[in-house]
Structures are given as C-alpha cells and as structure tokens.
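For the single chain, residues carry numbers from 1 onward in sequence order. No hydrogens, no waters, no symmetry mates; every other heavy atom, side chains included, goes into these values.
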Amino acid sequence: MTAVTAIQYTQDQMRTLTGVSAETVRHWRKTVPYLASKTGKAARFSFADLLGLSVTNELVSSLGVHIGSVSTGVDGLFKLLAGASAPTLDGAIVLVTSITAGLYESGSWHGASALTQPTLVIPLDPLIAQLQQHMLPVMPAPTQAALPFPPEAVRSRV
C-alpha cells in the first residue's frame with residue numbers, strides 16, 4: 001500500500017491563497033533560507049508553507065516589521081510549521097522574535113519564560129480559516145421560509 005502524500009501547491013496557487021505577490025516572495029527568498037529552496041517554476045508549497053507565508057505576510061503587512069529584522073525567526077517558523085501536525089496547529093499561537101519562533105497552545109504561551117526579548121504574537125486560527133475558505137469555499141445553505149401551518153396528510157375518497 002502506498003503512503004498518501006500531502007497536497008502541494010504551485011506558485012500561482014500560493015500567491016492566490018496567501019495574497020503574497022511574486023515580487024514579495026522573490027525578496028523574501030533572499031532573506032529567509034527556508035524559502036530560498038523554493039525557486040523556479042517547479043517550486044511547490046505545502047499547507048504549512050502557505051501558513052508560514054500567511055504569518056510572514058501578517059508580520060510585514062499588518063505589523064510593519066521589516067523582513068530582514070526577523071529573517072532568522074521566520075526561517076525557524078517555517079521549519080517549525082513544517083514539522084507540526086494539523087491537530088497541533090488548531091488553536092495555536094506563534095511567537096516570533098528576531099532569532100527564534102515558537103508554537104504554543106492559545107492558553108499556554110503567556111506563562112512561558114521565553115518572553116525575554118521583543119516578541120510578535122500571531123494567532124493561527126484566523127489565518128488557517130482564511131486559507132481554508134479560499135481552498136474550499138463554503139456555499140451558503142439555501143434558506144427556506146418557514147411554513148405558517150404544518151403539513152397534513154390528505155386522503156381522498158375515490
């Protein structure tokens with residue numbers, strides 16, 4: 001029996017799902033060693049890679065962090081996410097510093113003694129939900145108006 005392989009996404013699919021432009025990915029490849037291996041037209045990305053790109057996009061776009069100042073931490077983030085299982089990511093929070101990254105359950109990170117340097121905290125649930133919505137859009141269920149009276153069985157006399 002053959003093992004099931006994980007779904008791999010092309011560069012175009014990655015850009016569509018994460019919203020990260022081709023120019024931005026090219027720039028990030030120069031500063032993040034993990035992404036440097038994902039070059040050429042044959043580059044493929046796993047779900048963990050897409051999540052890592054989404055987190056990195058949040059760091060750069062929403063928080064205004066320069067990728068060069070956290071490149072070592074982001075590289076660790078990609079490696080951490082690549083080794084994580086799907087149940088581990090559910091409800092998890094990522095802590096990224098300039099040199100490290102950590103993956104914690106949502107309730108367990110605040111007590112961590114790892115907060116000895118400036119740390120960026122990103123919850124994964126909204127990013128995972130956003131990726132899943134792009135991959136498998138949920139169609140709204142058709143709504144049917146409630147009947148003002150209950151249905152009754154009718155018998156005819158024939």
Side-chain angles (χ1 to χ4, degrees), residues 1-140:
M1 177 180 250
T2 61
V4 177
T5 57
I7 297 173
Q8 297 289 305
Y9 301 91
T10 65
Q11 290 187 59
D12 188 45
Q13 290 169 329
M14 176 272 301
R15 287 191 297 269
T16 302
L17 294 170
T18 62
V20 178
S21 70
E23 295 80 21
T24 302
V25 173
R26 271 189 230 114
H27 174 66
W28 291 353
R29 282 183 182 139
K30 294 175 187 173
T31 58
V32 179
Y34 182 87
L35 292 176
S37 65
K38 307 272 186 186
T39 60
K41 294 186 183 226
R44 297 291 181 256
F45 298 87
S46 66
F47 183 80
D49 295 338
L50 296 180
L51 186 57
L53 286 164
S54 295
V55 170
T56 306
N57 194 33
E58 283 294 314
L59 292 172
V60 172
S61 300
S62 297
L63 299 176
V65 176
H66 188 271
I67 189 69
S69 62
V70 292
S71 63
T72 306
V74 169
D75 186 55
L77 168 72
F78 278 101
K79 292 174 183 173
L80 187 67
L81 291 174
S85 63
T88 306
L89 299 176
D90 189 31
I93 291 178
V94 174
L95 275 63
V96 180
T97 68
S98 60
I99 56 172
T100 62
L103 182 66
Y104 299 91
E105 292 180 15
S106 62
S108 68
W109 73 273
H110 55 76
S113 60
L115 300 178
T116 58
Q117 58 184 331
T119 305
L120 302 162
V121 179
I122 305 287
L124 294 182
D125 277 350
L127 299 174
I128 291 172
Q130 182 181 12
L131 287 171
Q132 288 175 338
Q133 178 63 31
H134 284 302
M135 289 179 199
L136 301 167
V138 177
M139 302 305 284

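- Atom-to-atom distance recorded for Ile122:CD1 and Leu95:CG is 9.5 Å, nearest 0.5 angstrom.
- Taking 4.5 Å as the limit, some side-chain heavy atom of Leu120 sits within range of a side-chain heavy atom of Leu63.
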(request) Determine, stepwise, if the pair Val94 / Val121 fulfils side-chain contact (heavy atoms from CB on, under 4.5 Å). (result) CA-CA 6 Å; Val94 174; Val121 179; over 6 Å; no
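- Sorted by first and then second residue, the salt bridge (Lys or Arg N to Asp or Glu O under 4.0 Å) pairs involving residues 86-99 (not counting sequence neighbours) form an empty list.
- Pairs of residues two or more places apart, or lying in two chains, never qualify as ring-ring contact (aromatic ring centres under 6.0 Å, His included) while including a residue from residues 115-135.
- Remark: Thr88 engages Ser85 in a side chain to side chain donor-acceptor pair (under 3.5 Å) (not counting sequence neighbours).
- For the atom pair CG of Leu35 and CH2 of Trp28, the computed distance is 8.0 Å after rounding to the nearest 0.5 Å.
- For the atom pair CG of Leu77 and CG of Leu59, the computed distance is 7.5 Å after rounding to the nearest 0.5 Å.
- Here the side chains of Glu105 and Ile93 are not in contact, with every heavy-atom distance at 4.5 Å or above.
- Residues satisfying the side-chain contact (heavy atoms from CB on, under 4.5 Å) criterion with Val25, sequence neighbours excluded, are Met14, Val20, Arg29.
- Using a 4.5 Å heavy-atom cutoff, the side chains of Phe78 and Thr56 are in contact.
- With rounding to the nearest 0.5 angstrom, the CG atom of Leu124 is 6.5 Å from the CG atom of Leu103.
- Note that CG of Leu89 and CG of Leu127 are 11.0 Å apart. Values are rounded to the nearest 0.5 Å.
- Side-chain contact between Ser54 and Leu131 is present, with heavy atoms from C-beta onward closer than 4.5 Å.
- Annotation for Gly76 and Ala101: closest pair C-CB, 4.0 Å, computed over non-hydrogen atoms.
- Taking the side-chain contact (heavy atoms from CB on, under 4.5 Å) definition, one finds that Ser69 meets it with Val65, His66, sequence neighbours left out.
- For Thr31, there are no side chain to side chain donor-acceptor pair (under 3.5 Å) partners, not counting sequence neighbours.
- The stretch residues 56-65 participates, sequence neighbours left out, in no salt bridge (Lys or Arg N to Asp or Glu O under 4.0 Å) pair at all.
- Under the rule for a side chain to side chain donor-acceptor pair (under 3.5 Å), Gln130 has no partner lying at least two apart in sequence or in another chain.
- Screening residues 13-27 for salt bridge (Lys or Arg N to Asp or Glu O under 4.0 Å), with sequence neighbours left out, gives Asp12-Arg15.
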(request) Applying side-chain contact (heavy atoms from CB on, under 4.5 Å), run through Thr119 and Val96 and close with a yes or a no. (result) CA-CA 6 Å; Thr119 305; Val96 180; over 6 Å; no
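- For Lys79, the side-chain contact (heavy atoms from CB on, under 4.5 Å) partners are Tyr34, Asp75, not counting sequence neighbours.
- Scored by the side-chain contact (heavy atoms from CB on, under 4.5 Å) test, Gln8 finds Ala6, Arg44, Ser46 as partners (sequence neighbours excluded).
- Using a 4.5 Å heavy-atom threshold, the side chains of Phe47 and Ile128 count as touching.
- Under the rule for a side chain to side chain donor-acceptor pair (under 3.5 Å), the partners of Thr10 that lie at least two apart in sequence or sit in another chain are Gln13.
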